[in-house]
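Per chain, numbering begins at 1; letters A, B, ... match sequence-line order. Just so it is clear, the structure is predicted and the values come from calculations on it, not from any experiment.
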Amino acid sequence: MIRLRLFLHSLGPIGVISIVILIVLLGSSLLAPWLAPYDPNQIRMSERLAPISGEHWLGTDTLGRDVFSRLLYGGRVSIMLALAVTVATMLIGLIIGTLAGYFGGWLDDVTQAGIHIFQGLPGLSFMIAIAGTLGPGVESMFIALVVTSWADFSRVVRGEVMKIREESYIEGIRAIGGNHMYTLIRYVIPNMIGPIIVLFTVRIGRVILSIASLSFLGLGLQPPTPDWGVMVNDARPFFRSYFHLILAPGLCIALISFAINCIGDALRDALDTKTEKAGWLS
Amino acid sequence: MKWMEKEAVVMEPLLSIEQLTVTFHTPKGKVKAVDGASLTLHQGQIVGLIGETGSGKSVLGLSIPGLLPGTAEVSGAIRFKGQDLLILQKDCLRKLRGTEIAFVPQNPATSLNPVMRIGRQITEAIKAPFSRKQKRAIAARLLEELNMPKPSDTLQQYPFQLSGGMKQRVLAAIGAAGKPSLLIADEPTKGLDALVRDQVVGLIRRVATHTGAAILVITHDLYVARSLCDAIGVMYAGEVVESGSTEQLFAQPKHPYTSGLMRSMPGKGMIPIPGVSPSLMEEHRGCKFQSRCSQRLGECEWKAPDLYALQDQDHKVRCFLHDSSRGREQGVPERLVATAEA
Amino acid sequence: MLYVVRRLASTIPILIGISLLAFLLSVISPGDPAVEALSMSGISEPTEQEIEIKREELGLHESLPVQYGRWLVKAVQGDLGVSYMTKESVSGEIMRRLPVTLSISLLSVLFAVGLGVPFGMLMALKKNSWLDEAGRFLALTLVSIPGFWLAISLITLFSEKLGWLPTSGYGTWQHLVMPAMVLACGTCAILMRLTRAALMEALNQNYILTARAKGLREPSILSFHALRNSLIPLITVIGTYFGSILGGSVIVEVIFALPGIGMFAMDAIFRRDYPVIQGYVVFTGVVYVMFNLLVDLSYAWINPQVKLGVKLK
Amino acid sequence: MSKAFQSGWLRQRKHEAVKHVSFSIGKGETLGLIGESGCGKSTLSRLMVKLLPFDQGKLFFEDTDITKYTMKQLFPLRTKMQIIFQHPDSALHPRQTILQSLVEPLLLHQITDRKQAIERVMDLLAPVGLNEEILSRYPHQVSGGQIQRVVIARALTLSPRFIVLDEPTSMLDVSVQAQVIDVLKTIQKQFDLTYLFISHDLDLVAHVSDRIAVMCKGEIVELDQSKKVLNEPVHPYSQKLVNAFRGYQTNR
Amino acid sequence: APEPVASQKANELASNTTEVNPEEVVLAAPRDLAPGTQDAYYTSIILYVWEPLLTAGEDGEPAPKLAKSWQMSDDGREWTFTLQENVLFHDGEKLNADAVIANFKRYEQVSPKSSPFYTLDSKKSYPGLKEIVKVDEHTFTLKFENPQPTLLYAMVNFSSPIYSPKNFDEKGDFNRLPQGTGPFKLMAHEKDQYALLEAFDGYYGEKAKSKKIRVRVIPDPDTRLSALKSGEIMGVMDLGAIPPSLAKELLKDDRFEISTAKSTISHYLHPNGKKAPFNSPAMRKAVSMMIDREQLVQELYLGYPTATANLLNVTSPFYKDFAIEHNVDEAKKLAAEALGGKREKIDLIVPTYGLNRYPYKAQAEWLQAVLSELNLEVEIRILDGAAFKDAQAKGEYHLALATQGLPNADPYTIFTNYLASDGSSNKSYSLGYKSERVDALLGQAKNTLAMEERRKLYDELQAISVEELPTIPLFNDASLIGNNKKISGYQATIYGTTLPQLEWAK
Ligand SMILES: Nc1ncnc2c1ncn2[C@@H]1O[C@H](COP(=O)(O)OP(=O)(O)OP(=O)(O)O)[C@@H](O)[C@H]1O
Ligand SMILES: Nc1ncnc2c1ncn2[C@@H]1O[C@H](COP(=O)(O)OP(=O)(O)OP(=O)(O)O)[C@@H](O)[C@H]1O
Ligand SMILES: [Mg+2]
Ligand SMILES: [Mg+2]
């Protein structure tokens with residue numbers, strides 16, 4: 001309860017706005033089939049690049065599709081994908097990082113080498129290569145994003161675990177007879193939940209931006225999927241005359257990333273037990 | 001040393017704390033860490049502040065040089081050489097720090113900057129307009145006076161290269177560097193083994209003799225307090241419940257808490273005071289010790305006792321048992337059964 | 001010195017791992033380097049016979065382990081081979097592009113550090129004030145803006161509308177301003193948050209109390225006592241960030257027409273130019289390793305414990 | 001003697017935190033361990049409950065050689081020997097309530113079901129001087145003295161025969177310390193426990209121990225009846241230690 | 001104080017970047033037009049640094065350049081060329097038969113040599129070349145084993161570049177900046193940054209009007225547009241210089257103009273004829289009839305290209321116009337028959353290189369919508385160039401959006417590639433086309449010397465291609481370039497621009 005109060009406290013006014021943004025964006029994405037006034041993929045060549053009007057709230061795009069409808073649908077794939085990627089990365093990172101950090105020894109050495117190798121590989125280029133190898137599509141983006149980000153996650157988790165391993169409550173449970181499995185599941189993992197949640201939110205934000213970047217290079221989500229990153233890219237030739245075409249989806253990306261990061265920030269403050277301490281005197 | 005004490009009595013006190021109250025504003029509510037504490041300190045005196053964990057000793061110590069964090073609200077008066085430090089300008093107070101009032105924090109392990117050489121950390125505290133070289137010489141001499149082996153080598157070292165006792169000496173040197181007239185040492189012996197503790201006690205004595213400064217030693221080690229101090233103040237839950245000369249206090253502790261504390265010492269039978277100390281967050285009526293007190297009176301429950309002076313003007317006690325106005329010996333009418341054991 | 005050499009030696013398996021991974025990834029990608037080397041996308045395509053000859057010439061007939069082994073043997077001797085596409089030496093190509101990438105990287109680090117750190121310090125000092133809140137907002141905004149979106153907006157504003165800065169290309173410092181800004185903004189935000197957090201933690205330490213008790217002024221406490229102690233997380237971030245942009249940033253290079261390493265690598269990936277991909281990956285690997293080393297060494301510089309420990313070894 | 005500990009020639013790490021140490025503790029006895037900071041007391045205590053592997057030597061518990069026991073083999077023994085660490089403030093799972101921490105050993109060893117476990121914990125509260133109300137709190141919400149008592153209670157849930165107490169009162173001031181020692185002595189009588197008691201405070205050690213061992217740089221330099229060690233120490237190091245203590249204790 | 005001085009200097013510099021330097025015209029291209037010594041040509045032909053023996057005329061027919069006239073022997077095995085006189089290379093050397101022979105020797109040495117522009121392969125351009133004989137100072141003869149009736153078509157542009165004989169080493173590699181005969185000298189170049197041209201004073205023809213031209217590399221089309229708008233560059237050139245959607249944007253600003261010309265590039269929709277449903281000619285026909293090429297060209301390409309049903313590019317002198325059949329009802333009927341009334345899932349692959357140059361993504365989405373009416377459920381996959389080719393070669397696709405440059409003004413090559421049973425494109429794109437009649441016609445064309453007869457054969461081949469649709473032609477592209485009205489004389493040509501005529505507008 002204190003945590004929740006602290007969380008709300010550390011959210012601040014910006015945080016509250018962020019939560020509202022997140023709810024609106026997620027909600028409208030989920031409810032897109034009911035909210036959207038048009039089929040997002042319905043092409044109307046006679047109405048190409050229509051301006052903003054009562055009929056088309058955000059005008060139409062180069063194929064006469066209703067931009068507002070596309071915008072409503074535009075978060076679905078990215079957000080779901082970002083979520084899936086982050087969950088997968090988190091699981092992989094959690095398993096690898098925990099085992100390496102907890103047991104140390106050769107297991108840690110091997111993991112460390114693996115982490116260094118994957119971190120030493122150039123991120124976006126690597127992602128391009130994987131996406132190219134596996135062919136375009138959601139699945140290969142998923143794999144590319146997971147492969148390029150598990151190492152970061154594992155490293156952070158490993159560091160956390162090594163810190164926790166030194167705490168005396170770990171020795172305490174061993175003295176009572178807890179085996180490794182028990183210690184890991186009941187003691188190690190729950191105690192890094194804070195940093196993990198924070199990392200999780202930061203990652204989601206970053207993955208959403210990565211998806212947009214890949215789409216920018218033509219390797220992201222395949223047409224005609226309505227997607228914010230793709231929409232920004234598609235609007236580039238027209239944005240001088242139709243600024244809203246690039247502003248609306250770009251703003252959506254920025255806002256959702258902003259909101260998620262902000263909430264992660266507040267979570268960090270709330271979950272950080274240090275903030276509860278009094279300062280020098282404690 | 002005797003003559004100094006005598007002179008001190010005559011003179012105006014160097015430091016007098018009157019009705020000091022420190023309240024912290026935290027997200028969970030107000031914490032009244034110091035609650036109307038009063039204390040006086042004379043020139044050249046070593047005064048000890050004892051009491052259990054969390055009773056507000058450190059907060060009191062920090063409030064003198066104005067080092068409390070921003071969340072603290074301070075009221076009352078702290079008169080140092082006639083000046084009220086609480087109403088002094090921030091910058092004037094800063095100038096007093098180090099030169100007039102020095103503070104040696106508790107926990108030597110973390111109180112030195114880990115990435116700065118010892119030499120720099122000491123010379124920083126020397127305010128007089130000397131050259132760097134001169135300052136270093138002063139620092140080396142200070143360390144030497146404090147029995148540091150190879151003082152000039154130490155200046156080149158980093159804190160992690162020193163043992164706990166050596167760090168304590170460095171901290172003392174920093175405190176003494178500005179030739180202050182008041183030195184406040186917070187828990188200088190906490191966590192040290194007997195040998196090192198012995199050294200540290202000697203060290204503080206040496207600082208006192210060398211600089212002639214008055215020293216306020218905050219500690220919860222009664223042995224240290226007894227062997228080092230001229231006078232002692234006892235704190236409980238933010239209040240100074242008893243103060244007086246060391247001999248008097250140890251020989252005849254007047255406050256029930258003080259005597260309980262004495263009895264808790266391993267050498268004195270180790271009889272614990274039952275119960276736990278009160279929360280600092282709640283408002284209190286009556287005496288704060290009443291729930292654990294075996295000599296509780298009826299009025300203790302609703303009336304807070306004042307600090308009453310005993311015949312010996314230096315000895316003061318915050319307990320109705322020693323309220324001279326109500327007649328010293330007759331004053332135990334309704335002794336209640338101690339309930340704190342439950 | 002010995003320590004540095006040993007550290008470097010220990011990174012060799014990592015570099016080999018990186019190159020092996022890159023090699024595997026290249027060869028399993030669909031497409032034939034010989035075809036790519038001979039054709040011009042969408043204009044002309046080679047015949048089978050030509051492709052055969054080319055494959056022979058490029059040594060693509062050999063088994064994969066042999067191809068990799070041959071590459072490795074040469075690479076160890078410092079020869080990264082010749083690009084299938086341009087026929088020029090890979091190391092030469094990378095070196096030619098290095099100044100471009102290096103200069104934007106440097107400038108963007110300058111931006112990120114120059115803005116992020118002081119701002120973070122200010123936020124730590126005035127914590128919970130409106131300034132802190134504004135900084136937080138700024139930081140969150142900066143991490144959330146998609147880079148390409150910012151790039152487009154900057155070009156439109158500063159080049160098209162105002163005419164202050166050139167849109168693209170490489171040459172004067174003006175050419176570097178916008179790309180560096182785009183690259184810097186995410187990291188600037190991270191540095192802001194990090195500086196604030198690290199400084200606040202440092203300011204809570206006991207030695208700060210000691211410093212205050214000496215009567216030092218706030219600014220000198222901040223810079224001599226607190227900052228130095230909070231440098232380690234900052235340097236880690238700056239190091240990895242600098243290392244990663246030295247590997248090239250494709251999008252910024254494409255948009256701002258900067259002939260840097262990232263664009264070169266992306267071309268190579270698209271055209272299955274194995275020697276270039278390999279060379280590039282090894283280059284970024286070396287940069288990564290080097291920066292890790294530098295970061296470690298700077299820890300030593302900051303943390304005397306490590307420094308003296310190193311000397312002892 | 002039905003129960004005896006014996007360990008010999010223990011070694012830890014390169015700088016030999018513990019060197020060739022041999023001693024035994026009899027049933028129901030309290031052995032005090034003193035020595036300057038960093039001389040290897042805590043390391044020795046960990047070795048004794050097999051929380052650290054050792055390089056040399058043998059360890060007997062109730063006449064059984066447990067030197068080479070694996071984690072699985074040790075599991076049943078864990079109920080019989082317990083350790084209380086030097087720094088109690090981080091000895092409990094920070095995200096578990098006090099109650100959860102207290103019932104955990106019982107559930108882990110499947111001695112009772114949850115309901116019975118809670119009952120048993122309730123029975124233990126009074127002896128250690130704890131109040132029911134703190135059971136639902138988290139470790140950071142209770143004071144150092146209370147945590148210290150919780151840790152003791154937790155060690156007692158399994159009804160051990162032997163407890164290592166590594167400076168159990170280092171974080172406490174005298175009044176609370178007296179409370180805790182009181183508890184320890186009471187339960188020792190009640191359950192016929194064996195203690196290894198580590199402390200810097202010679203008075204305290206003298207107060208609780210039957211015999212005292214003096215450690216210096218990883219070695220036990222003297223081991224004898226408490227009074228003897230404190231009143232007529234033989235080894236020069238012991239003399240130094242005792243004198244220093246007496247010195248400042250009595251007069252200035 | 002030094003500060004004002006520094007900022008003043010900065011101001012100067014900053015204004016320099018956007019202010020026009022009258023000495024130099026800056027243009028931009030999407031790729032590096034001067035890749036350097038390792039390239040087969042050093043620079044693209046469109047920089048006018050080097051010149052070929054023969055070039056393509058306005059009508060697409062071979063036209064004289066450095067060779068001013070020629071003669072074929074009756075048996076078609078010997079070709080004699082006469083060179084322009086008074087032609088100087090940039091390094092001062094004279095153009096003569098020896099210089100040409102030296103160049104031919106180089107072709108042989110380095111062939112095949114790849115280049116982003118065109119692979120230099122003398123075996124392909126001069127098959128069975130036996131020897132080159134110097135007749136006199138300005139005349140030489142090429143002697144072949146077999147008759148070469150279409151040699152001239154093969155020699156055009158990139159197949160006959162001529163450089164100073166002192167310009168290459170014994171291995172045939174360039175030893176310094178290219179020393180051609182063109183109106184511009186390459187003064188300097190920085191890889192992937194710019195190429196700096198200077199008018200060549202010793203040019204034999206009409207001299208270039210601008211003293212200096214700098215061609216910068218700006219890969220991103222939108223950035224090119226921004227650079228144009230900010231006045232940093234005066235014009236853009238090369239393939240995809242300005243995509244149609246940006247052309248419209250540019251024209252909204254009356255400081256700029258667009259120039260177009262026919263282009264040798266054709267756009268197709270390649271069907272995979274090796275598997276269902278496009279192994280059925282009826283299905284291919286249905287798709288072809290379903291597509292409203294006019295709408296495509298008008299809406300997505302702003303009407304610059306021309307819709308076509310013909311496989312052969314419009315710039316070929318043998319091009320024949322065929323009526324475009326657009327009949328939705330008929331198409332649906334055909335498709336329903338071919339598919340048996342079922343809905344079929346098909347893949348449409350799109351190459352990444354098409355995304356920047358053309359509105360390929362919109363085109364693919366549009367096609368998706370259009371073909372959906374034929375009961376084809378189209379899934380779009382964007383693939384990078386190599387993966388795209390791989391998918392085509394392995395037949396792992398149903399439809400592919402693709403372009404083709406006319407390899408040779410003589411359509412023999414493209415017909416063979418696409419229509420012959422063993423044609424290279426036919427195979428590598430998995431078109432699966434096989435027609436005995438076509439194979440026979442091609443065999444016949446190979447040995448036909450008389451142009452009129454060839455034309456007849458080619459006409460029939462075109463007719464067959466329109467009827468049987470081995471691939472579905474969509475439209476002939478247009479070269480599109482844009483420029484600031486501050487310069488004039490900058491026109492698009494079939495391949496390149498009128499760079500020598502470019503000058504500051506009066
Ligand atoms: N910054 C702060 N914010 C809130 N509460 C504080 C703060 N600093 C101290 N306190 C509270 O004030 C009370 C007194 O603390 P203080 O450190 O003075 O005790 P102490 O007597 O020095 O104890 P110890 O012997 O452990 O040093 C404690 O309950 C502590 O939690
Ligand atoms: N995990 C470890 N790794 C390396 N050295 C260690 C480790 N644990 C302890 N040591 C070292 O072993 C020696 C003995 O440490 P130990 O903690 O046993 O001392 P102690 O007698 O308990 O001291 P204290 O009275 O301060 O608790 C010390 O020098 C310490 O630095
Ligand atoms: Mg304190
Ligand atoms: Mg210990």
Contact origin within [X] toward chain A - heavy atom pairs under 4.5 Å:
X        : result
C/Phe137 : both
C/Glu133 : both
C/Ile269 : side chain
C/Phe283 : neither
C/Leu140 : both
C/Phe270 : side chain
C/Ile261 : neither

Under 4.5 Å heavy-atom distance to chain C, tell me which part of [X] shows up: side chain, backbone, both or neither.
X        : result
A/Ile260 : neither
A/Ile17  : neither
A/Ile246 : both

For chain A, which of [options] has the most heavy-atom pairs under 4.5 Å?
options                      : value
C/Ile16, C/Ile277, C/Ile152  : C/Ile152
C/Ala22, C/Pro146, C/Gly285  : C/Pro146
C/Leu20, C/Thr240, C/Thr141  : C/Thr141
C/Val289, C/Val143, C/Ile145 : C/Val143

_Heavy-atom pairs under 4.5 Å with chain C, option from A/Ser257, A/Ala113, A/Ser210 with the top count_ =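 That would be A/Ser257.
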
*Side-chain touch C/Asn292/A/His116, heavy atoms, less than 4.5 angstrom*: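 When only atoms from C-beta onward are counted, A/His116 and C/Asn292 do touch, with a gap below 4.5 Å.
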
*asked:* Just so I know, are the side chains of C/Leu21 and A/Leu121 near enough to count as touching, which here means a heavy-atom distance under 4.5 Å?
replied: yes

What's the spacing between [X] [atom1] and [Y] [atom2] if we round to 0.5 Å?
X        : Y        : atom1 : atom2 : answer
A/Leu247 : C/Trp149 : CG    : CH2   : 5.5 Å
A/Phe239 : C/Thr156 : CZ    : OG1   : 3.5 Å
C/Thr284 : A/Gln119 : OG1   : CD    : 12.5 Å
C/Ser144 : A/Asn261 : OG    : CG    : 5.0 Å

*Closest contact, heavy atoms only, C/Arg136 versus A/Cys262*: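 In this case the closest contact between C/Arg136 and A/Cys262 is NH2-SG, 4.2 Å.
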
